[in-house]
Amino acid sequence: MNKRTRLVLLLVVLALCFVFLWPSISWYGRTPKELQQLALGSTENIKSYAEHKAGEDVRSFKAMLSANSDAELPEEYSWLKKSVSKLYKNEGKKLPSNLTLKDVMSAYDSENKFMTEIKTHYKDEILAAKKYYENSVKLGLDLSGGMSIIVKADLDAVVASQGDSISAENAEEFKKEAMANAIDNLTSRIDKFGLTSPIVRQQGEDRIYIEIPGAAQADAINTLIMGKGLLSFRLVDVDATNAFKAYYEKNPASTFNALGQLMDPYIIPDDCEVFGVYEKDEYGLDERTDWIVVKKEVALDGQHVKSADVQPDQYTRQPYVSFNLDSEGAKIFGDFTSAHVNDYLAIVSDEKVKSNARINDAITTGAVSLTGAFTEEEANNIKKVLQTAWLNVPLEVESQQVIGASLGEEAIHQGIMAILLGLGLILVFMLIFYKASGINAVIAQVLNLYMMFSILSAFNYTLTLSSIAGMILTIGMAVDANVLIFERIKEELRLGKSRAAAISMGFDNAFWAIMDSNITTFIAAIFLSQLGTGAIQGFAVSLAIGVVSSVFTALFVSRLIFDFDTDVLKAKKVSIGWGIKQ
């Protein structure tokens with residue numbers, strides 16, 4: 001590989017590293033603390049905040065409009081200019097040079113669309129910051145503080161509760177389905193509680209690992225874990241729903257308060273409640289698509305659901321959801337559907353309407369089918385909702401560890417100081433002992449750390465105290481490679497060789513010694529990362545990454561710097577140590 005190709009390759013690597021590191025730079029260096037707090041909240045909190053802020057802004061905007069409709073658009077709403085300009089263009093109108101409050105409001109067909117525009121702005125801003133966080137280097141619990149919990153799921157009890165309906169051959173598959181359902185339920189409950197970016201994942205066959213960064217109350221978390229999702233079937237009040245939606249269309253900013261409660265409870269009947277209809281949006285969040293008013297009285301409790309499945313229609317192949325009720329539920333549902341043929345029935349889960357279906361006939365057998373223009377994904381989502389009622393997995397907290405945020409801040413400070421002190425002392429030694437050639441080692445070390453953090457960011461690794469220990473060890477190992485190269489160059493110079501020949505032979509002679517030591521270290525790190533857990537795994541991963549980046553900087557970057565001095569700066573001698581005659 002010629003020198004120009006090596007230079008291009010180095011620039012490409014550095015550019016890629018910057019791309020990988022950009023989310024971490026944006027999150028830790030460019031995102032305001034207030035926006036970080038919002039982005040770290042649950043998806044439910046983000047949506048609630050966006051709706052609340054949009055309502056406040058619409059009310060404030062209307063007040064300013066009433067006071068002086070010809071006033072210019074305030075600076076804090078300057079972001080509206082882009083969307084207003086697009087709306088004017090779509091209507092074939094020219095955007096006024098001095099945009100007034102009246103001009104902005106006239107661009108929107110209704111107050112509801114204006115509020116939706118503002119809500120989308122806030123939501124997208126927070127979700128963009130959340131995306132930076134998700135693609136950045138995370139801080140582990142030992143650095144950020146928080147709680148880690150291991151929960152045991154009693155899968156045998158779930159199988160036993162199904163009696164003879166589950167055969168021995170299907171038991172393992174049933175356990176997997178029950179485990180997946182338990183993880184989905186826990187994720188939904190913890191996320192809805194408003195906690196900071198929780199991690200919920202399966203560990204082994206019947207354990208669930210939960211990691212919650214930030215401050216959290218242990219009692220509240222345990223209540224969530226041991227609780228059960230609430231599912232019910234409610235009768236839809238069609239007339240009240242139509243009346244409410246007409247009211248909301250005219251008054252979107254003054255219908256609900258910050259807590260999601262009706263400001264005027266008399267807009268719906270006393271025996272009714274209003275819930276949102278939710279579907280998954282492009283971000284994977286529950287997106288409200290409509291409103292439905294349902295009766296407060298529960299037509300059927302979800303505990304009567306015994307099984308649920310998705311099946312294709314034998315004629316149209318369109319997927320539909322089928323579920324079975326126990327004997328008591330079958331009687332209740334049969335009586336209810338007989339009395340409400342042609343009415344609508346909503347499935348309500350945790351105060352969200354997940355399905356709304358028409359009762360075509362009385363259903364007295366306990367076998368219920370939900371049909372409609374469902375996609376496969378929509379049908380499976382409804383199935384999961386129904387499973388929260390019948391596939392109830394007994395959970396038991398096995399271990400729980402709480403780490404204070406103050407400990408994390410102290411650990412971060414100590415870790416940073418250890419890296420800086422170790423790096424500083426090593427580089428001072430290299431500059432004193434190897435003179436100008438020590439600058440090569442300094443540059444190689446800085447690029448080594450730069451590449452390590454970039455790779456951590458690219459793979460969304462979590463930075464822990466043990467990871468920092470691996471980085472500090474890597475610094476010493478990277479310098480060791482430079483020492484081997486420099487000593488080999490010094491040997492060649494003592495034999496009377498020229499600068500170019502000494503550098504070339506020095507790198508060639510040191511190559512296999514460096515590779516042998518780093519390959520053995522890399523193999524050990526890989527085995528530790530695969531077989532180890534917790535702190536051992538974090539140490540091994542950072543060590544493995546450090547080994548690769550240190551070899552690259554020592555053999556590739558350092559050689560390129562030497563060649564640059566030789567070919568471009570026309571250097572004839574090598575400043576590489578004391579007592580070397582050239």
Side-chain angles (χ1 to χ4, degrees), residues 1-21 419-420 422-455 471 474-515 517-518 545-582:
M1 186 182 296
N2 61 45
K3 296 167 187 176
R4 181 172 295 178
T5 304
R6 280 189 284 148
L7 177 60
V8 171
L9 178 60
L10 176 61
L11 294 176
V12 170
V13 170
L14 294 179
L16 283 175
C17 287
F18 182 78
V19 171
F20 294 147
L21 199 57
I419 290 177
L420 293 178
L423 181 61
L425 291 175
I426 289 171
L427 296 184
V428 168
F429 170 81
M430 295 296 288
L431 288 171
I432 293 174
F433 198 81
Y434 290 106
K435 295 185 175 181
S437 294
I439 297 174
N440 289 23
V442 172
I443 296 173
Q445 287 301 304
V446 172
L447 291 180
N448 182 34
L449 286 175
Y450 170 73
M451 292 175 63
M452 284 183 67
F453 277 107
S454 299
I455 296 172
M471 290 182 180
T474 301
I475 292 173
M477 294 179 60
V479 170
D480 180 61
N482 282 282
V483 169
L484 285 172
I485 293 170
F486 293 168
E487 290 300 323
R488 292 292 184 271
I489 293 175
K490 288 165 68 175
E491 289 176 1
E492 299 300 323
L493 290 172
R494 290 190 183 100
L495 295 175
K497 293 184 179 179
S498 65
R499 172 190 168 94
I503 290 172
S504 179
M505 291 300 297
F507 273 91
D508 290 344
N509 293 336
F511 180 81
W512 283 114
I514 293 171
M515 291 302 294
S517 62
N518 283 278
I545 293 172
V547 166
V548 175
S549 61
S550 64
V551 168
F552 177 80
T553 54
L555 295 177
F556 198 93
V557 177
S558 184
R559 176 68 179 270
L560 200 60
I561 296 172
F562 273 119
D563 290 343
F564 177 83
D565 291 343
T566 303
D567 299 336
V568 179
L569 301 182
K570 304 301 182 181
K572 300 298 184 182
K573 296 182 179 181
V574 185
S575 177
I576 199 167
W578 304 93
I580 303 296
K581 295 181 180 181
Q582 301 181 53

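Because the structure is predicted, anything quoted here is derived from the model rather than measured. Basis for what follows: all heavy atoms, side chains included, without hydrogens, waters or symmetry-related copies.
Proximity of Cys17 to Phe453: side-chain heavy atoms (C-beta onward) are nowhere separated by under 4.5 Å. A 4.5 Å side-chain heavy-atom check between Thr474 and Val547 finds every atom pair outside the cut-off. Looking only at side-chain heavy atoms (C-beta outward), Leu449 and Gln445 stay at 4.5 Å or farther from each other.
With sequence neighbours excluded, the residues forming a side chain to side chain contact (heavy atoms under 4.5 Å, CB included) with Leu569 are Phe564, Asp565, listed by chain and number. In this structure Phe511 satisfies the ring-ring contact (aromatic ring centres under 6.0 Å, His included) test with no other residue, sequence neighbours excluded. Applying the salt bridge (Lys or Arg N to Asp or Glu O under 4.0 Å) rule to Asp567 yields the partners Lys3; only residues at least two apart in sequence or on another chain are considered.
Pairing each heavy atom of Leu555 with each of Ile485, the nearest pair is CD2-CD1, 4.0 Å. Heavy atoms only, all atoms of each residue included: Ala441 and Met430 are closest at CB-CE, 3.6 Å. Scanning both residues, Met451 and Ser549, for their nearest heavy atoms gives CB-CB, 4.1 Å. Shown here for Lys572 and Arg499, the closest heavy-atom pair between the two residues is O-CB, 3.3 Å. The two residues Val442 and Leu427 have their closest heavy-atom pair at CA-CD2, 3.6 Å. For the residue pair Asn482 and Ser558, the shortest heavy atom distance occurs at OD1-OG, 3.9 Å.
In this structure a side-chain-to-backbone donor-acceptor pair under 3.5 Å is present from Ser437 to Ser575. No donor-acceptor distance shorter than 3.5 angstrom exists from the side chain of Tyr450 to the backbone of Leu21, with no hydrogens or angles considered.
Taking CG from Leu14 and CG from Leu9, the interatomic distance works out to 9.5 Å, rounded to the nearest 0.5 Å. To the nearest 0.5 Å, atom CZ of residue Arg559 and atom CD1 of residue Ile503 are 8.0 Å apart. Between the OH atom of Tyr434 and the CD1 atom of Ile489 there is a distance of 10.0 Å, given to the nearest 0.5 Å. Separating the CD1 atom in Ile455 from the CD1 atom in Ile545 is a distance of 5.5 Å, to the nearest 0.5 Å. One distance of note links CZ of Phe507 with CZ of Phe562; it measures 5.5 Å at 0.5 Å rounding. Distance check: Leu10 CG to Leu560 CG gives 6.0 Å after rounding to the nearest 0.5 Å.
Defined by atom type and a distance below 3.5 Å, a donor-acceptor pair is missing between the side-chain atoms of Ser550 and Asn448. When only modelled atom types and interatomic distance are considered, Glu491 and Asn509 share no side-chain donor-acceptor pair under 3.5 Å.
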* **Worked check of side chain to side chain contact (heavy atoms under 4.5 Å, CB included) between Val13 and Phe552** => CA-CA 11 Å; Val13 170; Phe552 177 80; 4.3 Å; yes
* Given side chain to side chain contact (heavy atoms under 4.5 Å, CB included), test Val479 with Phe429 step by step and report yes or no. => CA-CA 10 Å; Val479 170; Phe429 170 81; 5.7 Å; no
